[in-house]
Amino acid sequence: MVTSTPAQGPRVPRVPRVPRVVVVGAGFGGLGVVRALRERGLTDVTVLERAEAAGGVWRDNTYPGAACDVPSPLYSWSWAVKTDWRHRYGTQPEILAYLRETAAREGLLDHVETGRTVTSLRWSEEARSWTVATAEGATYEADVVVTATGQLSEPVVPDLPGADSFAGPSFHSAQWRHDVDLTGKRVAVVGTGASAIQFVPGIVDRVGALTVFQRSAPYVVPKPDQEWGERHHRVFDRVPALMGAERRSWFWLTERLNAALVGESPLTPAINRGLRAVWRLHLRRQVRDAALRARLVPDYPIGCKRLLFSNDWYPALDRDHVEVVDTAVAAVEPTGVRTADGVLHEVDVVIWGTGFAATRFLDGVEVVGPGGRTLAEQWRGGARAHLGVGVAGFPNLFCVYGPNTNLGGSSIITMMEAQAGWIAQVARGIADGRARGVAPRAEVYDAYDEEMQTRLARSAWAGCSSWYVEGGRISTNWPGRVQEYQERTARVDWSQLEDVS
């Protein structure tokens with residue numbers, strides 16, 4: 001039986017060692033971890049990426065109109081300021097180029113091995129380390145494993161009767177078929193979430209007819225985007241502090257939104273009323289057809305599902321060759337999509353804008369910890385992690401963009417930077433001989449989860465069904481402001497951890 005003691009308590013002297021670190025995933029999260037580790041002098045780091053290049057969601061989502069809904073000065077690494085963004089809100093090609101160019105300049109890509117699909121992590125009681133296995137047959141030994149696979153990396157296609165029978169092309173928006181010519185085609189789009197509101201305007205002028213199947217209407221408000229030209233770039237170059245000021249301004253504004261969503265601001269009712277008024281005016285101005293406007297009114301409180309930003313979604317739907325169907329999809333047939341009212345909507349192409357398996361963390365990876373306990377068993381009933389990073393009973397296994405770290409507003413990169421810094425501190429402690437196998441203490445782990453769920457029950461997200469919720473439990477979102485999370489992860493509290501070595 002392995003006994004454990006708090007990591008800050010009396011310790012048996014250990015021989016310092018440089019920990020071998022394996023990071024799973026080469027997106028913003030994984031690459032940010034590499035830099036944080038290197039800043040603390042830890043360079044024995046290998047990043048395993050299943051694709052053939054780094055980039056994460058910005059590599060995968062290449063659909064027309066793909067862009068970020070967080071302003072670029074904020075949706076970027078704090079240590080890699082870019083002054084020549086072409087738009088206030090970065091597009092997919094520009095964000096991907098920024099990620100790769102910055103990672104190459106920092107030497108982070110030197111740690112990446114592509115074409116490596118991690119299938120299992122197994123803890124060795126004898127070696128006190130992890131064995132990381134891949135589908136390609138390669139194995140790696142690691143003292144520390146960091147999973148940075150994200151919440152939005154596994155596309156979901158509904159399990160509908162006849163889904164495989166459709167005679168034409170069908171694909172998910174995150175697996176866009178650029179070889180399929182949509183010109184003049186009858187196209188079905190299933191879903192009206194964050195991806196659909198971008199790619200529908202991107203294809204509406206090309207298709208012959210477009211049928212959008214809407215399960216639940218989203219709240220869509222104007223996107224304050226603008227193109228930044230050479231003059232703008234020159235000003236930022238000459239006065240770099242201006243970019244920092246813009247970043248801080250957007251951070252301040254999004255923090256107000258975060259506080260409103262979680263009900264921790266006295267201004268929450270006023271902010272919600274203001275957002276709803278903006279949405280209603282936006283809808284009325286952009287949709288001429290009163291019957292269509294009625295179908296585009298959400299049936300849940302604002303903020304309960306992801307608030308969306310677009311200047312061209314509503315105009316795209318208010319076109320003569322576009323139909324919005326709000327009857328549930330019941331089945332797919334060789335020639336089209338059949339709805340619950342029995343109507344067959346004949347189409348040539350089906351595009352699934354149905355989102356991701358956000359609550360199925362580490363789906364497809366078998367994780368076996370000490371004593372043969374699996375992470376699947378630990379997470380039965382919903383994923384959870386202390387600070388969204390560590391899991392009780394699973395030493396030296398850490399998550400980036402893990403349970404309860406997603407945001408309703410602001411930039412997830414700021415959250416991931418905080419997580420990377422915390423993980424690097426722990427890894428440095430291991431290197432210095434402070435501990436060897438570190439995990440959150442069980443009582444700390446349980447208390448943190450209880451705090452998260454109690455606070456989330458008071459949030460806007462608890463008021464409806466969404467991809468944030470599974471089985472009545474919100475395992476995706478952080479119930480506070482980003483600043484609070486940054487403060488809680490700024491310094492490792494070793495009394496909350498135990499050393500099982």
Side-chain angles (χ1 to χ4, degrees), residues 1-24 29 33 36-37 39-42 45 121 123-125 127-130 142-148 361-362 367-371 373-375 378-379 383-405 415-452 478 484-501:
M1 179 177 178
V2 177
T3 59
S4 62
T5 57
Q8 74 164 14
R11 299 187 302 272
V12 177
R14 298 176 177 84
V15 177
R17 59 180 296 175
V18 176
R20 300 161 298 176
V21 182
V22 166
V23 179
V24 184
V33 168
L37 290 168
E39 280 207 311
R40 290 187 175 268
L42 305 174
V45 185
L121 309 172
W123 176 258
S124 169
E125 301 277 7
R128 293 291 187 269
S129 64
W130 291 96
D143 301 295
V144 175
V145 173
V146 182
T147 64
F361 295 87
L362 287 181
V367 182
V368 183
R373 182 171 180 79
T374 68
L375 190 61
Q378 181 95 337
W379 281 354
R384 56 189 179 125
H386 178 57
L387 298 175
V389 180
V391 182
F394 288 79
N396 296 358
L397 176 67
F398 306 115
C399 308
V400 169
Y401 202 178
N404 296 122
T405 60
M415 295 287 283
M416 293 191 293
E417 282 191 30
Q419 293 152 31
W422 189 93
I423 292 168
Q425 288 182 59
V426 173
R428 184 69 256 175
I430 294 171
D432 294 340
R434 177 163 196 157
R436 185 168 179 182
V438 179
R441 295 168 56 192
E443 62 271 26
V444 171
Y445 178 73
D446 291 338
Y448 183 82
D449 182 62
E450 182 178 355
E451 177 199 346
M452 293 296 99
W478 163 248
E484 179 196 347
Y485 187 82
Q486 291 173 320
E487 291 169 351
R488 293 178 72 159
T489 54
R491 293 179 63 86
V492 173
D493 182 351
W494 289 89
S495 70
Q496 297 180 339
L497 308 177
E498 62 182 1
D499 183 357
V500 300
S501 64

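Along the sequence shown, residues are numbered consecutively beginning with 1.
No donor-acceptor pair under 3.5 Å is formed between the side chain of Q486 and the backbone N or O of A418. The main-chain N or O of R428 is never found under 3.5 Å from a side-chain atom of R40 such that the two would form a donor-acceptor pair. Checked by atom type and distance alone, the side chain of Q419 never pairs as donor or acceptor with a backbone atom of G29 at under 3.5 Å. Looking at W130, its side chain does come within 3.5 Å of a backbone N or O of P395 through a donor-acceptor pair.
Nearest heavy-atom pair, I423 versus C399, reported as atom, atom and distance to 0.1 Å: CD1-O, 4.0 Å. The two residues L37 and A427 come nearest to each other via the heavy atoms CD2-CB, 3.7 Å. Closest non-hydrogen pair, W123 versus P370, comes out as CD1-CG, 3.4 Å. Among all heavy-atom pairs drawn from A442 and A392, the shortest one is CA-CB, 4.2 Å. Residues P19 and A431 come closest through the heavy atom pair CD-CB, 3.5 Å. P403 and W379 get closest at one heavy-atom pair: CG-CZ2, 4.2 Å.
Taking the side chain as every heavy atom from C-beta outward, Y485 and T405 approach each other to under 4.5 Å. At least one side-chain heavy atom of R384 sits under 4.5 Å from a side-chain heavy atom of D446. For the pair Y445 and D449, the minimum side-chain heavy-atom distance is 4.5 Å or more. A heavy-atom distance below 4.5 Å is found between the side chains of H386 and Q496. A heavy-atom distance below 4.5 Å is found between the side chains of Y448 and E451. Two residues are said to be in side-chain contact when any heavy atoms from C-beta on lie closer than 4.5 Å; R20 and S129 meet this criterion.
Between the OG1 atom of T489 and the CD atom of E417 there is a distance of 11.0 Å, given to the nearest 0.5 Å. We find the CZ-CG distance between F394 and L375 to be 5.0 Å, quoted to the nearest 0.5 Å. Atom CH2 of W478 is separated from atom CZ of R488 by 4.5 Å, given to the nearest 0.5 angstrom. For the atom pair CD (Q425) and CZ (R434), the distance works out to 10.5 Å, reported to the nearest 0.5 Å.
The one candidate from V22, V438, N396, L42 that meets the side-chain contact (heavy atoms from CB on, under 4.5 Å) condition with V144 is N396. When each of T374, T147, L121 is paired with V367, the side-chain contact (heavy atoms from CB on, under 4.5 Å) condition holds for L121 and for no other.
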Please walk me through it: do R436 and D143 pass salt bridge (Lys or Arg N to Asp or Glu O under 4.0 Å)? CA-CA 8 Å; R436 185 168 179 182; D143 301 295; 5.2 Å; no
